[in-house]
> 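The following block contains the structure, expressed as structure tokens.
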Amino acid sequence: MRHQLAYLGVAYTVIWAGIAGYLVRLSLRQRAVERRLDELRGPDRSTDE
Amino acid sequence: MSPPTTARRTGTGTGTMVLIALVAVGMVVGIAAIFFWVPTANCLVPGVADGQPCFDARPDYIQHIFYMHVPIAYVAYLAFGVVLVGSLAYLKTGRRRWDLLAHASAEIGVLFTGLCLLTGMLWGRPRWGTFWTWDETLTLTFVLFLIYVGYLLFRGLAADPTRGARIAAVIGIFGFVDVPLVHFSMVWWRTLHPAEVVINPAGPQLPASELITMLFLLVVYTGLYVALMLLRTRLGRAEEALAEAEAALEERPPPRAHVAATP
């Protein structure tokens with residue numbers, strides 16, 4: 001039974017790790033893109049104003 | 001020239017956050033049902049109804065993987081179905097939003113197919129004595145995974161994004177042919193993979209508690225797919241805005257060099 005629970009535990013961990021990892025990756029990419037957009041817009045705004 | 005501001009800086013929408021919270025609650029409820037409601041004994045024998053004695057009443061915790069594996073597989077089908085629709089619409093209309101939808105869904109579909117393969121392997125090792133066998137269903141699922149990994153790689157490596165998106169759309173359309181092959185391989189051939197017990201010509205072949213738990217988790221995983229799609233398409237829009245902003249910056253003439261007045 002311990003053997004079965006080990007496989008079950010690994011399977012559930014793989015699922016949560018996969019989904020959580022993807023969410024973290026999306027979040028990091030989103031932040032990086034928004035930071036870069038802010039950098040690009042910053043000087044534009046100052047020259048336009 | 002005004003700055004390109006096609007993308008608004010947006011936080012994660014309230015709707016998305018509510019959906020993620022509902023998915024998290026749904027997962028907890030689903031796991032509670034798996035461990036405390038459905039029978040732990042091996043009752044997954046077609047025709048065995050709730051209340052009837054199982055042939056093999058030993059605890060069968062491995063079967064708990066099934067309640068995650070099957071909804072994950074269905075959501076992967078759904079994701080590739082959305083890739084098909086998005087790709088067809090993009091080729092017909094040329095609108096970027098369809099390409100964005102297809103791209104986002106392909107990425108999530110690859111994630112779910114990968115999870116489906118891994119959970120299947122972890123189910124198969126104690127059942128079959130091996131993590132992997134080149135069975136028809138397993139092989140076709142692996143091919144499906146490779147097709148859409150190829151789709152994503154192609155998009156990432158294409159020098160011309162527009163041409164890359166059009167060719168990726170063709171891959172996305174033809175790649176979908178493998179989805180019914182994966183599903184019906186369990187019906188057409190005597191594969192090692194267990195037969196389809198939910199979408200079955202003779203009706204669902206599961207006791208009520210197991211069927212309800214599985215269908216509930218199917219709804220929860222579909223909600224998770226929608227939440228991931230909302231987040232991924234938001235990122236896609238931000239990336240497009242960034243690409244436009246960078247292109248506009250390159251097109252802008254360089255500032256004139258200061259010419260000192262001659263005396």
Side-chain angles (χ1 to χ4, degrees), chain A, chain B residues 1-5 7 9-12 20 23 27 31 34-35 40 58-65 68-69 72 104 107-108 110-112 114-116 118-127 221 224 227-228 231-232 234-246 248-249 252 255:
Chain A
M1 197 178 84
R2 207 178 288 170
H3 172 250
Q4 287 192 4
L5 284 171
Y7 279 104
L8 181 65
V10 173
Y12 278 30
T13 305
V14 162
I15 294 167
W16 304 127
I19 293 166
Y22 185 65
L23 278 170
V24 168
R25 183 168 168 267
L26 283 184
S27 167
L28 291 176
R29 277 169 67 186
Q30 183 79 32
R31 275 192 202 172
V33 169
E34 285 183 354
R35 199 178 305 129
R36 178 75 183 125
L37 268 172
D38 281 349
E39 283 171 11
L40 289 179
R41 284 174 186 168
D44 279 344
R45 279 188 188 148
S46 61
T47 49
D48 285 353
E49 286 161 9
Chain B
M1 193 177 89
S2 63
T5 53
R9 186 191 173 93
T10 55
T12 305
I20 290 172
V23 165
M27 285 289 180
I31 289 172
I34 290 170
F35 282 91
T40 302
R58 285 173 299 176
D60 185 18
Y61 291 105
I62 290 302
Q63 199 55 35
H64 289 345
I65 296 175
M68 296 287 168
H69 175 79
I72 284 172
E107 205 171 281
I108 297 165
V110 164
L111 169 72
F112 276 80
L115 292 177
C116 179
L118 287 171
T119 52
M121 287 163 79
L122 288 162
W123 183 91
R125 179 67 179 82
R127 278 282 188 277
Y221 272 100
L224 176 63
L228 290 176
L231 292 172
R232 181 62 187 80
R234 185 173 70 109
L235 172 63
R237 284 195 301 273
E239 283 176 338
E240 279 195 352
L242 178 61
E244 282 174 25
E246 285 178 334
L249 206 66
R252 185 176 297 182

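Chain letters run A, B, ... following the sequence lines, proteins first, then strands; residues in each count from 1.
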> Relative to chain A, which segment of M27(B) carries a heavy atom at a distance below 4.5 Å: side chain, backbone, both, or neither?
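It is the side chain, since no backbone atom gets that close.
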> Are any of the side-chain nitrogens in R29(A) or E107(B) under 4.0 Å away from the carboxylate oxygens of its partner?
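Result for this pair is yes, salt bridge flagged.
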> Kindly compute the distance separating OG1 (T13(A)) from CG (L118(B)), expressed to the nearest 0.5 Å.
12.0 Å
> Identify the heavy atoms of L235(B) and Q30(A) that sit nearest to each other, and give their distance.
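Heavy-atom minimum between the residues: CA-OE1, 3.0 Å.
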> Answer with side chain, backbone, both or neither: which region of Y22(A) has an atom nearer than 4.5 Å to a non-hydrogen atom of chain B?
side chain
> Test L122(B) against L8(A) for side-chain contact (heavy atoms from CB on, under 4.5 Å), laying out the working first.
CA-CA 8 Å; L122(B) 288 162; L8(A) 181 65; over 6 Å; no
> Contact part of R25(A) toward chain B, heavy-atom cut-off under 4.5 Å: side chain, backbone, both or neither?
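It is the side chain, since no backbone atom gets that close.
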> Within this structure, what is the CD-CD distance for the pair Q4(A) and Q63(B), rounded to the nearest 0.5 Å?
10.0 Å
> Select, from A32(A), A11(A), S27(A), G21(A), the one with the greatest count of heavy-atom pairs under 4.5 Å involving chain B.
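Most heavy-atom pairs under 4.5 Å with chain B: A11(A).
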> Any idea which heavy atoms bring V14(A) and L115(B) closest together, and the distance?
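Closest approach of V14(A) to L115(B), heavy atoms only: O-CD2, 3.6 Å.
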> How far apart are the closest heavy atoms of A245(B) and L40(A), and which atoms are they?
CB-CD1, 3.7 Å
> Is it the backbone or the side chain of L111(B) that comes under 4.5 Å from a heavy atom of chain A, or both, or neither?
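Contact with chain A: side chain only.
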> Closest heavy-atom contact between L242(B) and L37(A)?
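Closest approach of L242(B) to L37(A), heavy atoms only: CA-CD2, 3.8 Å.
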> Which residue out of I31(B), T119(B), I65(B) racks up the most heavy-atom pairs below 4.5 Å with chain A?
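Between I31(B), T119(B), I65(B), the count favours I65(B).
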> To check you understand the geometry: which heavy-atom pair defines the closest contact between Y12(A) and M68(B), and what is its length?
CE1-CG, 3.7 Å
